[in-house]
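Following: one structure in structure tokens, then a few remarks.
Owing to the predicted nature of the structure, the values given are computational and were not obtained by experimental measurement. Scope of the values below: all heavy atoms of this structure, side chains included, with no hydrogens, waters or symmetry mates. Residue numbering restarts at 1 for every chain, and letters A, B, ... go by the order of the sequence lines.
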Amino acid sequence: MKITTWNINSLAARLQHMLDWVAANPVDVLCLQELKLTEDKFPLLELHAAGYTHCAVFGQKTYNGVAILSRTPVRDVAKNIAGFADEHSRVIAATIDGPQGELRVVNGYFVNGQAPGTEKFAYKMNWLGGLNAYLCDELRRHERLVLLGDFNIAPEDRDSYDPDGLRDTIHHTKEEREHFRKLLELGLCDGFRLFEQPEKSFSWWDYRMLGYQKNRGLRIDHILVSEALRAHVKSCAIDRAPRKWKQPSDHAPVTIEF
DNA sequence: ATGGCGACCCTCGGTCGA
């Protein structure tokens, strides 16, 4: 079973791009972030035709928006973080049957946070606090859980193209990394780091300044798995191919296999 | 050569992203 996370940076702008990718990579579950559209604009027909007949969507106009696309039924769909009031559409969770049993999938578009000291950064910290409490509860109910999405956090120095130059800037601050560590302390582990990976593996590159061509990127898209799932993970990889296509998303898809 | 993007909308300039 394969599950992918991908910040698509507008599903309307990237629909054909996404369909081309799933045609070549027919993953079982595709978790998207930054749909930038409302549910009434969601391309259900095209996704059904592509085999994703079960879609859980939490849309929003212009900003945010997340979805879980599945080839098999999704149930117990939950939107946003229980117990945390949020104006934005940033989290969607669903239960899906996997080969060894049911799987709880929590898909998040984490807050960007702009810069330390700003109101947006304070929102990011509060949001991450709310998420942690929510996950703590979800893990109590679902032993087999995957938390994935655009975390907007580079957890370690090796997850950044310039860890020294960017030290204490957004995605790199101690506070953000502490929040990431607290998620691991809940019993989650970083699927990507279960395996030997190439040096300078990133999942996002700035559109500006020839970011991709110079591999000036960050690894901010993650897939965390609960302890019960850890031994079942067969692979986890970033697919840089679609970042080279014409008019790409600035993020690459990350796929885990069980 | 030190700047080089892209998507959105109460849309052609400002906001946001990371």
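Whole-Å rounding puts the A/Arg208 CZ to B/dG6 P distance at 11 Å. Between A/His17 atom NE2 and B/dA7 atom P the separation is 11 Å, expressed in whole Å. Atom CH2 in A/Trp205 sits roughly 16 Å away from atom C1' in B/dC5 (whole-Å rounding). Here the C1' atom of nucleotide B/dG17 and the CG atom of A/Asp150 are 10 Å apart, to the nearest Å. To the nearest angstrom, P of B/dG6 lies 18 Å from OH of A/Tyr63. Protein atom CD of A/Gln60 is 14 Å distant from nucleotide atom C1' of B/dG17, rounded to whole Å. The nearest whole Å value for the distance from the CH2 atom in A/Trp204 to the C1' atom in B/dG6 is 12 Å. One atom, NZ of A/Lys41, and another, C1' of B/dC9, lie 12 Å apart when rounded to the nearest Å.
Nucleotides B/dC16 and B/dC10 place their P atoms 14 Å apart, quoted to the nearest Å. Remark: the separation of the C1' atoms in B/dT11 and B/dA7 is 12 Å, to the nearest Å. Using atom P as the reference point in both B/dG4 and B/dC9, the two lie 25 Å apart (nearest Å). Straight-line distance between the P atoms of B/dA18 and B/dG6: roughly 16 Å, to the nearest whole Å.
Along DNA chain B, the nucleotide closest to A/Ser10 and the one closest to A/Lys120 are compared, and the more 5′ of them pairs with A/Ser10. The 5' end of DNA chain B is approached more closely, in terms of each residue's nearest nucleotide, by A/Met209 than by the other of A/Pro248 and A/Met209.
For A/Lys214, taking side-chain heavy atoms from C-beta onward, the closest of the listed nucleotides B/dA18, B/dG4, B/dA7 is B/dG4. Here B/dC9 is the nucleotide among B/dC9, B/dA18, B/dA7 with the atom lying nearest to any side-chain atom of A/Thr62.
Across all strands shown, A/Asp206 has no heavy atoms under 4.0 Å from either base or sugar-phosphate atoms. Across all strands shown, A/Gln114 has no heavy atoms under 4.0 Å from either base or sugar-phosphate atoms. Backbone-only contact: A/Tyr109 has heavy atoms under 4.0 Å from sugar-phosphate atoms and none from a base. Nucleic acid contact class of A/His251 (heavy atoms, under 4.0 Å, all strands): sugar-phosphate only. Counting any heavy atom pair closer than 4.0 Å across all strands shown, A/Ile170 reaches no nucleic acid atom. If you check every strand for non-hydrogen atoms under 4.0 Å, A/Arg14 touches sugar and phosphate atoms only.
Contact annotation: A/Lys61 side-chain N/O to B/dC10 OP1/OP2 distance is under 4.0 Å. Of the side-chain N and O atoms in A/Asn112, one or more sit less than 4.0 angstrom from OP1 or OP2 of B/dA18. Using a 4.0 Å cut-off, some side-chain N or O of A/Asn7 falls inside it from OP1 or OP2 of B/dA18.
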Dump the intermediate steps for salt bridge (Lys or Arg N to Asp or Glu O under 4.0 Å) on A/Asp190 and A/Arg219, then the final yes or no.
-> CA-CA 12 Å; A/Asp190 184 343; A/Arg219 192 177 71 94; 2.8 Å; yes
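The one candidate from A/Phe110, A/Trp204, A/Phe180, A/Phe192 that meets the ring pair (Phe, Tyr, Trp, His ring centres under 6.0 Å) condition with A/His222 is A/Phe180.
Counting only heavy atoms from C-beta outward, the side chains of A/Gln33 and A/Asn107 approach each other to under 4.5 Å.
Below 30°, between 30° and 60°, or above 60°: for A/Tyr123 and A/His88 the angle between ring planes is above 60°, a perpendicular geometry.
Counted by atom type alone, A/Tyr207 and A/Asn9 present one or more donor-acceptor pairs between their side chains at under 3.5 Å.
Side chain of A/Ser226 to main chain of A/Glu143: a donor-acceptor pair is present (N/O by atom type, distance under 3.5 Å, no hydrogens or angles).
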